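Here is the structure we will look at.
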Amino acid sequence: MFQHLQAYAGDPILSLVETFNRDPREHKVNLSIGIYFDDAGCLPLPEAVRAAQTQQPVQAQPYLPMEGHAAFRAAALRVLLGNEHLVLQQNRAVAVQTLGGSGALKLAADFLKRWYPQSRAFVSDPTWDNHRGILEGAGIEVGTYPYYDPDTIGVRFAELTQFLHTLDSGDIVLLHPCCHNPTGVDLSPEQWDEVLHIIQSRRLIALMDIAYQGFGDDFDRDAYAVRKAADMGLSFFVSSSYSKNMSLYSERVGILAAVCPNAEQAERVLGQLKFGVRRIYSSPPFHGADIAARVLNESSLHRQWQNEVYAMRDRIKRMRRQLHDALSQRLPQHDFRHYLTQRGMFGYTGLNEHQVQRLQDEFAVYLLKSGRLCMAGLNSRNIEYVARAIATVLQE
Ligand SMILES: Cc1[nH+]cc(COP(=O)(O)O)c(/C=N/[C@@H](CC(=O)O)C(=O)O)c1O
């Protein structure tokens with residue numbers, strides 16, 4: 001019955017983690033997947049999240065509505081837009097609870113394919129490995145827009161804006177508001193202003209994917225692009241994940257937010273997103289969203305949680321500095337500035353596939369084939385070893 005199926009080639013990120021887990025070498029180091037580990041190499045549960053979890057009554061829960069946990073959805077919109085944004089007061093922003101950021105992107109892709117069937121989608125070059133698959137899985141034609149410039153270790157901004165001017169009305173542009181995956185290179189506020197004005201004038205559809213809010217500068221500045229788009233009166237979508245900043249990875253907690261021209265259209269968008277949910281998984285899980293709702297809606301827990309995310313952010317920044325210094329000490333003629341200037345969880349090392357394979361084969365140090373390194377996998381015990389390994393393969 002299934003003999004015609006092709007064998008699954010594996011996922012560039014998740015299948016690599018399976019290989020890592022099977023690796024018997026004691027000194028192995030996982031710098032592949034975007035998961036925050038603390039300096040002890042453990043997956044920390046933020047104290048604010050733990051406290052919220054203990055508040056939860058242990059009892060059976062009925063189905064949530066298709067749109068999900070009301071208190072979580074409302075709070076997550078405020079985290080994105082700010083507590084007082086006009087679009088919230090005008091009921092022009094709606095949110096549906098989703099299975100993490102991935103579920104939000106899938107819901108958005110299905111919605112856009114249904115209501116904008118001719119639209120093409122464009123993702124940054126490079127982008128998160130799963131963006132293309134989720135969009136193409138919904139039947140959307142996917143292209144790329146110029147983004148990372150390895151020579152300047154910055155953004156190919158002139159080419160990016162020129163390219164956006166070539167797109168058709170209704171085309172979809174997938175944007176990373178902060179902590180770009182995999183490059184760690186973000187647009188400045190001034191560059192966001194220019195990009196968003198082109199999106200507005202060309203009547204493009206912005207689909208923003210924020211999975212690391214709080215890991216860049218802070219929760220407000222990391223949401224600059226979201227809030228600016230709302231200020232400008234754009235209609236757009238945002239996938240927001242709570243996997244990394246609440247350590248709720250396997251609870252699958254996120255929202256798909258939509259900012260619309262008016263409350264009446266917002267209700268229609270919400271309705272069609274609910275319809276989309278019903279056709280995929282009917283309604284979302286309770287516990288993770290309830291924990292997140294308690295953290296976000298209790299001011300003391302919310303403050304504590306934000307500070308815990310900033311502590312994660314700062315530890316990652318320390319690892320960036322230590323890796324930069326350890327490499328610069330070993331290879332003084334090399335320029336490792338990009339290890340310092342990149343933001344969020346990832347470092348885009350510039351290592352080629354062969355060098356990455358050597359790191360894995362000879363040193364049990366796991367990076368993505370793209371050369372992406374998860375800085376949050378570094379700690380005081382492995383950083384010198386990783387620096388030595390990278391320095392070795394750089395000298396090949
Ligand atoms: C940009 C981005 N968007 C969405 C997600 C998915 O979030 P979730 O809420 O878990 O569905 C991830 C996960 N990225 C890491 C893990 C993965 O690939 O799934 C990663 O890049 O390693 C992202 O990096």
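Indexing begins at 1, ligand by ligand and atom by atom, following the structure's order. A quick note: this is a predicted structure, and the numbers were derived from the prediction, not measured.
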Using distance alone, determine whether S102 and ligand 1 share an N or O pair under 3.5 Å.
yes
Classify the side-chain pair N245/Q213 by whether it contains a donor and acceptor separated by less than 3.5 Å.
no
Donor-acceptor contact below 3.5 Å, side chain R313 vs main chain D217:
yes
Measuring only between side-chain heavy atoms, which start at C-beta, is R114 closer than 4.5 Å to F275?
yes
Answer yes or no: does an N/O atom from G34 fall short of 3.5 Å to an N/O atom of ligand 1?
yes
Taking N or O atoms only and a 3.5 Å limit, does G101 qualify as a polar contact for ligand 1?
yes
Against heavy atoms of R252, which atoms of ligand 1 measure under 4.0 Å?
8 (P), 9 (O), 10 (O), 11 (O)
Out of curiosity, is Y212 lining ligand 1, as in a heavy atom under 4.0 Å away?
yes
Per-atom filter on ligand 1: closer than 4.0 angstrom to a heavy atom of I33 are 16 (C), 22 (O)
Walk me through it: do Y385 and H27 pass the test ring pair (Phe, Tyr, Trp, His ring centres under 6.0 Å)?
CA-CA 9 Å; Y385 173 73; H27 58 284; 5.7 Å; yes
For A211, take its heavy atoms, then give the atoms of ligand 1 lying under 4.0 Å from any of them.
2 (C), 3 (N), 23 (C)
Counting from 1 in the order shown, the ligand 1 atoms closer than 4.0 Å to a non-hydrogen atom of S243 are 8 (P), 9 (O), 10 (O)
Under 3.5 Å, N or O to N or O, is W128 touching ligand 1 that way?
yes
Is there a heavy atom of N181 sitting under 4.0 angstrom from any atom of ligand 1?
yes
Are H287 and H69 close enough that their ring centers fall under 6.0 Å?
no
Do S380 and D39 have a side chain donor and acceptor closer than 3.5 Å?
yes
Can you tell me how far apart CD1 (I205) and OG (S169) are? Round to the nearest 0.5 Å.
8.0 Å
Identify the protein heavy atom lying closest to atom 7 (O) of ligand 1, giving its residue, its atom name and the separation to 0.1 Å.
S241 OG, 3.8 Å
Below the 3.5 angstrom mark, is there an N/O of D209, backbone or side chain, next to an N/O of ligand 1?
yes
Run the salt bridge (Lys or Arg N to Asp or Glu O under 4.0 Å) test against R252 and tell me which residues pass, sequence neighbours left out.
none
Are the side chains of N262 and Q265 in contact, using a 4.5 Å heavy-atom criterion?
yes
Going by the closest heavy atom to atom 20 (C) of ligand 1, which one wins out of H176, M345, E251, R372?
R372
Taking only heavy atoms of K244 into account, list the atoms of ligand 1 that are under 4.0 Å away from them.
13 (C), 14 (N), 15 (C), 16 (C)
